Amino acid sequence: MKALRMTSSSTGKTFPIASAGQKIRRVWQLYVLMSLPFLYLIVFKYVPMYGALIAFKDFVVTRGIWGSEWVGLKHFERFVHSYEFVKVIKNTLVLNFYNLAAGFSFPILLALSLNYIRVRWFKKTVQMITYAPHFISTVVMVGLMFELLDPRNGLINNILQAFGFGTVDFMGNPDYFKSIYVWSNIWQSAGFNCIIFLAALSSIDPSLHEAAVMDGASQRQRVWHIDLPGILPVAVILLILNMGYMLDVGYEKVLLMQNPLNLRTSEVIDTYVYKVGLVSQAMNYSYSAAIGLFKSIIGFILIITVNQIAKKANQASLW
Amino acid sequence: MEYVRMKQPAGDRMFTISNYTLLTVFFLIILYPLIFVLSASVSDPSAVVSGKVWLWPVKPNLMGYEAVFKHKLIGSGFLNSFYYTAFGTAINVVMTLLAAYPLSRKDFYGKNAIMFLFVFTTMFSGGLIPGYLLVKDLNMLNTVWAMVLPGALSVWNVIITRTYFQTAIPPEMLEAAQMDGCNDFKYVWKIIIPLAGPILAVITLFYAVGHWNQFFSALIFLDKQNMYPLQIILRDILIQNDVSALMLSDIQDAARREALRVLLKYSLIVVSTLPLMLLYPFVQKHFVKGVMIGSLKG
């Protein structure tokens, strides 16, 4: 058996006695193919990780990353004790949890609903139109929101006035910022994000539904006892992914939506890093890098933790 | 399914009715702003600002579009965006194929270690500032390289492509080719690439849409106006309300200028989004496919 395997082919783990050197030599061309992507990975992904060392230094451009003076956790302490800290952290967490809670459940509801539509043209039309806003760029999306929510001549305020309400300065009121951010995301992406759940629903064994109908189950019961359990594994994987990368999403849109009036609720870690490091007059690379690193570390811990919990709960896990 | 509909119990009829109703409401909420923008963009400027446009265009005309096409920054923005998108996507696709194929091979020694190096970068990154300093140190600020190299590869797309190679191309093919003395380079060129059509379509689309809609790299890496992609121009006009960029100063009447400014924004939203929207029905199935392949645990 063993001898057979040794001679069978070069695809599987078929040469148990070959040394590492032999294994490498046999596929040397694959390493040549991989060399460019590998170089990219080192230069554009791992060198910046080394560059993040400036968070522990007082970085001076002329002295370089290594030559600058070590200052330990000075910049981290400054950030934690700064006036902005609580505000920025709170905004980041609240905005992302809100976005995840609403943005995650809505596509599932939409998919469940579409799944029970039997009129084909209606289903096709709804899908076509609801997927479309996904292709609007962030800049245009925010521009569109500004136009529609404009207090003087925006559509939404025109509607409010037509129904006898007063006008609302949506973008100028910090209390509205998070809801506008989250619900405009849903408007833009719920349709597209439901594709994956529709796929999961269509892979549910139809005989389950047939049997349930025979037993007199109502549609509501079928949704609850067949459809939801059916898409649960996919939902759990997506939830893990979304939670793990929670801190990364959407800062471009936040940045575009910001104005001096709503900064109290709209400043998040990423936009703050951008402003401290690249926009402000007193540019401070080290301080800004420290805040960025702070976020990267929290995000990393988040991913690992969420995945561990998922593993413990014996559901799906990412690795 | 027919008999189910025939003897639907009362509860199910309620379910069906409310389902159709809710879905219609949601559909209209998505559709209405889209139609409104389209209508506003071809309406009379004063009708737009005074809120007379509700659903259909009022006194249709193409003034807004005229202003858009006369604007020289918008033209150069379009050209720059095309350039960055085409060049960047070409690099992306080649790099993704180069990375994905070796990772799909079982006998690629060190595969797991390299895969770990890839995946780790999705979980942890050096952050914005070190990334910016790197591009600066490489003297790539204000060059096209800053727009295409830092994001030359997306790990997610590598994973999707690798999964595709593993599942869609039978390993017997490789054995047969090797039997005939085909080496790995030749195999990739003659077998893998011709068979990779569907996945190439998917990742090309993902990358191209990403480049077309990208504005943040341009914001931090470019400060020459003649290099700005469309999205930066759009941001100046739509969001920062940069009146000088609007070049409407030849109109004397302030109210009229204000009205035309609003109209131009609607037209601009349509013009900048139209290319993707027109493409969209044709590519929709590829996007759907991409989402599906991506959902396979790999």
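Below, chain A is the first sequence line, B the second, and so on; all start at residue 1. Here the structure is a predicted model, which is why all the values come from computation and not from measurement.
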Open item on the list: Evaluate A/I136 against B/L34 for side chain to side chain contact (heavy atoms under 4.5 Å, CB included), listing each step before the verdict.
Closed with: CA-CA 11 Å; A/I136 298 175; B/L34 297 176; 4.3 Å; yes
Task: Closest approach of A/G277 to B/I129 (non-hydrogen atoms, all atoms of both residues) - done: CA-CD1, 3.7 Å
Open item on the list: If you compare all heavy atoms of A/A52 against all heavy atoms of B/G126, which two are closest, and at what distance to 0.1 Å?
Closed with: CB-O, 3.8 Å
Task: Option in B/P150, B/G131, B/P33 with maximal non-hydrogen atom pairs under 4.5 Å from chain A - done: B/P150
Open item on the list: Please evaluate residues B/F120 and A/M49 with respect to the criterion side chain to side chain contact (heavy atoms under 4.5 Å, CB included), reporting the C-alpha separation (whole Å), side-chain torsions for both, the decisive distance (0.1 Å), and the verdict.
Closed with: CA-CA 11 Å; B/F120 185 74; A/M49 286 186 204; 3.9 Å; yes
TODO: Let me know if A/Y46 has heavy atoms under 4.5 Å from chain B in its side chain, its backbone, both or neither.
DONE: side chain
- [ ] Could you pull out the closest heavy-atom pair between A/S296 and B/S125, with the gap in Å?
- [x] OG-O, 2.9 Å
TODO: Select, from A/V47, A/N157, A/L144, the one with the greatest count of heavy-atom pairs under 4.5 Å involving chain B.
DONE: A/L144
TODO: Under the ring pair (Phe, Tyr, Trp, His ring centres under 6.0 Å) rule, what do A/Y31 and B/Y109 come out as? Steps first, then yes or no, please.
DONE: CA-CA 9 Å; A/Y31 293 92; B/Y109 188 76; 7.8 Å; no
Open item on the list: Quick check: do B/F108 and A/K23 have side-chain heavy atoms less than 4.5 Å from each other?
Closed with: no
- [ ] Give, for atom CD1 of A/I117 and atom CG of B/L23, the distance between the pair rounded to the nearest 0.5 Å.
- [x] 5.0 Å
Task: Portion of A/L114 that has a non-hydrogen atom of chain B nearer than 4.5 angstrom - done: both
Task: Residue pair A/F44, B/T121: steps toward the side chain to side chain contact (heavy atoms under 4.5 Å, CB included) verdict - done: CA-CA 10 Å; A/F44 285 96; B/T121 64; over 6 Å; no
- [ ] Name the region of B/L31, side chain, backbone, both or neither, that has any atom closer than 4.5 Å to a heavy atom of chain A.
- [x] both
TODO: For residues B/Y32 and A/L155, determine if any side-chain heavy atom of one lies less than 4.5 Å from a side-chain heavy atom of the other.
DONE: yes
TODO: Go through the atoms of B/L128 and report whether side chain, backbone, both or neither lie under 4.5 Å from a heavy atom of chain A.
DONE: side chain
Open item on the list: As an exercise, state the distance from CD1 of A/I65 to CG of B/L134, rounded to the nearest 0.5 Å.
Closed with: 8.5 Å
- [ ] Give the member of B/L219, B/L103, B/V94 that has the highest number of heavy-atom pairs under 4.5 Å with chain A.
- [x] B/L219
Open item on the list: Would you say that more than 12 heavy atoms from the other residues, nucleotides or ligands in this model lie under 6.0 Å from the CZ of A/F38, or not?
Closed with: no
Task: Side-chain donor or acceptor of A/W187 paired with backbone N/O of B/I29 under 3.5 Å - done: yes
Task: Aromatic plane relationship, A/Y285 with B/Y132 - under 30° parallel, 30 to 60° tilted, over 60° perpendicular - done: tilted
Open item on the list: Taking every non-hydrogen pair under 4.5 Å, which of B/L22, B/I220, B/L149 racks up the most with chain A?
Closed with: B/L149
Task: Smallest separation among heavy atoms of B/L98 and A/L33, with atom names - done: CB-O, 3.4 Å
Open item on the list: With a 4.5 angstrom heavy-atom cut-off, is it the side chain or the backbone of A/A162 that approaches chain B, or both, or neither?
Closed with: side chain
Open item on the list: Less than 6.0 angstrom separating the ring centers of B/F26 and A/F106, yes or no?
Closed with: yes
Task: Proximity breakdown for A/L36 and chain B, heavy-atom pairs closer than 4.5 Å - done: both
Task: Selection from B/G127, B/P102, B/G151, B/A40 maximising heavy-atom pairs under 4.5 Å formed with chain A - done: B/P102
- [ ] Could you tell me which of B/F215, B/W212, B/Y266 has the largest number of non-hydrogen atom pairs under 4.5 Å with chain A?
- [x] B/F215
Open item on the list: Quick check on A/V276 against chain B: is it the side chain, the backbone, both or neither that has a heavy atom closer than 4.5 Å?
Closed with: neither
Task: Identified side chain to side chain donor-acceptor pair (under 3.5 Å) counterpart of A/S137 within the set B/R235, B/Q231, B/Q214 - done: B/Q231
Open item on the list: Does any part of the side chain of A/V139, heavy atoms only, come nearer than 4.5 Å to the side chain of B/F216, both counted from C-beta?
Closed with: no
Task: B/Y101 side chain near A/L30 side chain, heavy-atom distance below 4.5 Å - done: yes
TODO: Of all the heavy-atom pairs spanning B/I239 and A/L256, show the shortest one and how long it is.
DONE: CG2-O, 3.5 Å
Task: Close aromatic pair by centroid cut-off 6.0 Å: A/F122 and B/Y20 - done: yes
TODO: Can you measure from CZ (A/R26) to CG (B/D107) and round to the nearest 0.5 angstrom?
DONE: 8.0 Å
Task: Interatomic spacing from CZ in B/R13 to CD in A/Q219 - rounded to 0.5 Å - done: 11.0 Å
- [ ] Count the heavy-atom pairs under 4.5 Å between each of B/L138, B/N19, B/L238, B/T273 and chain A, then report the option with the highest count.
- [x] B/N19
Task: From B/F36 atom CZ to A/E147 atom CD, the distance as rounded to the nearest 0.5 Å - done: 9.0 Å
Task: Residue part contacting chain A, namely of B/Y187, when any heavy atom lies under 4.5 Å - done: neither
Open item on the list: If I measure from the heavy atoms of chain B, does A/V140 come under 4.5 Å with its side chain, its backbone, both, or neither?
Closed with: both
Task: Distance, nearest 0.5 Å, that separates CE of A/M141 from CG of B/N213 - done: 12.5 Å
Open item on the list: Any heavy-atom pair between the side chains of B/D184 and A/W28 that's under 4.5 Å?
Closed with: no
Open item on the list: Less than 4.5 Å to any heavy atom of chain B: does that hold for the side chain of A/L255, its backbone, both, or neither?
Closed with: side chain
- [ ] Starting from the C-alpha separation in whole Å, work towards a yes-or-no answer on side chain to side chain contact (heavy atoms under 4.5 Å, CB included) for B/K265 and A/F146.
- [x] CA-CA 10 Å; B/K265 287 187 183 180; A/F146 278 19; over 6 Å; no
TODO: Examine whether an atom of A/V32 lies under 4.5 Å from a heavy atom of chain B, and if so say whether it belongs to the side chain, the backbone or both; otherwise answer neither.
DONE: side chain
- [ ] Would you mind checking which part of A/I54 comes under 4.5 Å of any heavy atom in chain B, side chain (CB onward), backbone (N, CA, C, O), both or neither?
- [x] side chain
Task: A/F294, part contacting chain B, at a heavy-atom distance under 4.5 Å - done: neither
Open item on the list: Testing the basics here: between A/Q29 and B/F185, what is the closest heavy-atom pair and its distance to 0.1 Å?
Closed with: OE1-N, 3.2 Å
Open item on the list: Less than 4.5 Å to any heavy atom of chain B: does that hold for the side chain of A/M128, its backbone, both, or neither?
Closed with: both
TODO: With a 4.5 angstrom heavy-atom cut-off, could you sort out which part of A/Y116 is near chain B: side chain, backbone, both or neither?
DONE: both
Open item on the list: I'd like to know which of A/T138, A/L110, A/I156 tops the heavy-atom pair count under 4.5 Å against chain B.
Closed with: A/L110
TODO: Check each atom of B/V158 against the heavy atoms of chain A and say whether the ones under 4.5 Å are side chain, backbone, both or neither.
DONE: neither
- [ ] Check whether B/F118 gets within reach of chain A through its side chain, its backbone, both or neither, counting any heavy atom under 4.5 Å.
- [x] both
Task: Interchain contact, B/T96 with chain A, by part (heavy-atom threshold 4.5 Å) - done: neither
TODO: Using non-hydrogen atoms and a 4.5 Å limit, figure out which bit of A/A190 sits close to chain B: side chain, backbone, both or neither.
DONE: side chain
- [ ] Could you tell me which portion of A/I159 (side chain, backbone, both or neither) has an atom closer than 4.5 angstrom to a non-hydrogen atom of chain B?
- [x] both
